[in-house]
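Source: prediction; values computed, not measured. Every chain is numbered from 1, with letters handed out A, B, ... down the list of sequences.
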Protein chains: 2
Amino acid sequence: MWISGTSQYAIRAVVHVAVHGEDAPVRVGPIAEALDVPRNYLSKTLHVLAREGVLKSGRGPRGGFQLAVPAGKLSLARVTAPFEDVAKRHCLLGRAHCGGVHTCAAHARWEDVSKSLQAYFATTMIADLLGEARDAAAIPVPPPRPRATARRPCVRRN
Amino acid sequence: MWISGTSQYAIRAVVHVAVHGEDAPVRVGPIAEALDVPRNYLSKTLHVLAREGVLKSGRGPRGGFQLAVPAGKLSLARVTAPFEDVAKRHCLLGRAHCGGVHTCAAHARWEDVSKSLQAYFATTMIADLLGEARDAAAIPVPPPRPRATARRPCVRRN
DNA sequence: GATATTTATCATATGCACATGATAAACACA
DNA sequence: TGTGTTTATCATGTGCATATGATAAATATC
């Protein structure tokens, strides 16, 4: 997967808040339910986003979460940043610094691809995800999570 | 990280075999040592590649691994395929099928980026990694793996 | 202030990718 | 045929992302 599961939760939750939180704050419960995501885990994730200044949070009755930044100025990169280690993404083979030693054609091309990925996250705004179906990101991700079903690492089954 | 650690091992090992295995098979021991990668784990990884027809393997004295496909015709995609679940990579939010419901601008752009990534892996050949420093991929990945050092998930340290 | 409601935080569990160690099976060669 | 070398396979362990459940702290309303 390109981004971690937590980052996906974060994006989808922020989109949900952007859509439903214009008037009043949105509480964790309904968000977790709408996204089909573990409630307490989402709570922690949203807390991190609040701490990072992406969301505003409030406790007690009338509490909940709202955007701290307008959806049009909130990049995906900013939402996922707290949950991703971008440093590891520059070299295909996991090196932090890579260009130096071997600058073969493959690595030059990889730089291009890598940069275009980073650019996507940096320039795509939450508002860009609020297309036609305004809460599409709230649609629970597909097959009801076939978990704990002994899945051999990846290799084809015989 | 864009690809799993095991996939990185696989690429680096295959590159090593491509460089050092033209005359005689290369044994796991030296490969693991050169790459600074756990030996038995690499053994299992290479075995999978052999089963998938990427490598040829032989046991006993004179045993070891050699390419089963010329380096110029062996794509990165083919090397990493057994260790990656490509199905999960099509949608930014982890959905298998995504275009249908909401086809906002962001998703169209994501398709582009995603496709260019896949194209990179499909069209880049092992031979393309054998640039200047012919065994650059054999250089042990950087900082001696600071492991077991309580690293808080990602968030900045205070 | 008392109470209900909500986020914040803590302590702990689970599952999977990654890793380790030991043994079995194949092969080369004397 | 026997012996040493190497991959193949099995059984098990470890660490981290993900998840769970309980409790604390803040806020609104009466």
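- With rounding to whole Å, A:Q66 atom CD is found 15 Å from C:dT6 atom P.
- Contact check, A:Y9 against D:dA19: a side-chain N or O comes under 4.0 Å of OP1 or OP2.
- Inter-residue side-chain proximity for A:I126 and A:V69 is flagged as unmet; no heavy-atom pair is nearer than 4.5 Å.
- No side-chain donor-acceptor contact under 3.5 Å links B:Q66 to the backbone of B:K56.
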Under 3.5 Å, N/O pairs linking protein and nucleotides 22-26 of chain D:
from, atom 1, to, atom 2, distance (Å)
D:dA26, O4', A:R59, NE, 3.3
D:dA26, O4', A:R59, NH2, 3.3

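- Note: CZ (A:R39) to P (C:dT5) measures 13 Å, nearest angstrom.
- Annotation: side chain of B:Y41 is in contact with side chain of B:Y9 (closest heavy-atom distance under 4.5 Å).
- A straight line from CD of A:E84 to C1' of D:dA17 spans 12 Å, rounded to a whole angstrom.
- Comparing D:dT20, C:dA19, D:dT7 by their nearest atom to the side chain of B:P38 picks out C:dA19.
- Minimum heavy-atom separation, A:D128 to A:T123: OD2-O, 4.0 Å.
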task: Taking Watson-Crick and G-U wobble pairs with both distances under 3.5 Å, convert DNA chain D into its dot-bracket string, 5' to 3', dots for unpaired and | for cross-strand pairs.
output: ||||||||||||||||||||||||||||||
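- A straight line from CG of B:L55 to P of D:dT6 spans 18 Å, rounded to a whole angstrom.
- In terms of heavy-atom proximity, A:M125 sits nearest to A:G72 at CG-O, 3.2 Å.
- Straight-line distance from the CZ atom of A:F65 to the C1' atom of C:dT6: 9 Å, rounded to whole Å.
- We find that CG of B:L46 is positioned 8 Å from P of D:dA8, with the value rounded to whole Å.
- A sub-4.0 Å separation between OP1 or OP2 of C:dT7 and a side-chain N or O of A:H47 is absent.
- Contacts of B:G64 with the nucleic acid, taken as non-hydrogen atoms under 4.0 Å apart, involve only primed sugar atoms and P, OP1 or OP2.
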task: Decide yes or no on side-chain contact (heavy atoms from CB on, under 4.5 Å) for B:L129 and B:L76, but give the supporting numbers first.
output: CA-CA 10 Å; B:L129 292 177; B:L76 299 190; 3.9 Å; yes
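- Each of B:R62 and A:G58 has a nearest nucleotide on DNA chain D; the 5'-most of these lies closest to B:R62.
- With rounding to whole Å, A:R27 atom CZ is found 12 Å from C:dT7 atom C1'.
- Between the CG atom of A:L42 and the P atom of D:dG21 there is a distance of 16 Å, rounded to whole Å.
- Listed pair B:S43 / D:dT7 fails the phosphate criterion, with no side-chain N or O lying under 4.0 Å from OP1 or OP2.
- Nearest heavy-atom pair across A:F121 and A:S75 is O-CB, 3.7 Å.
- Between B:T45 and B:F83 the shortest side-chain heavy-atom distance falls below 4.5 Å.
- Judged purely by atom type and a 3.5 angstrom limit, A:S114 has no side-chain atom pairing as donor or acceptor with the backbone of A:W110.
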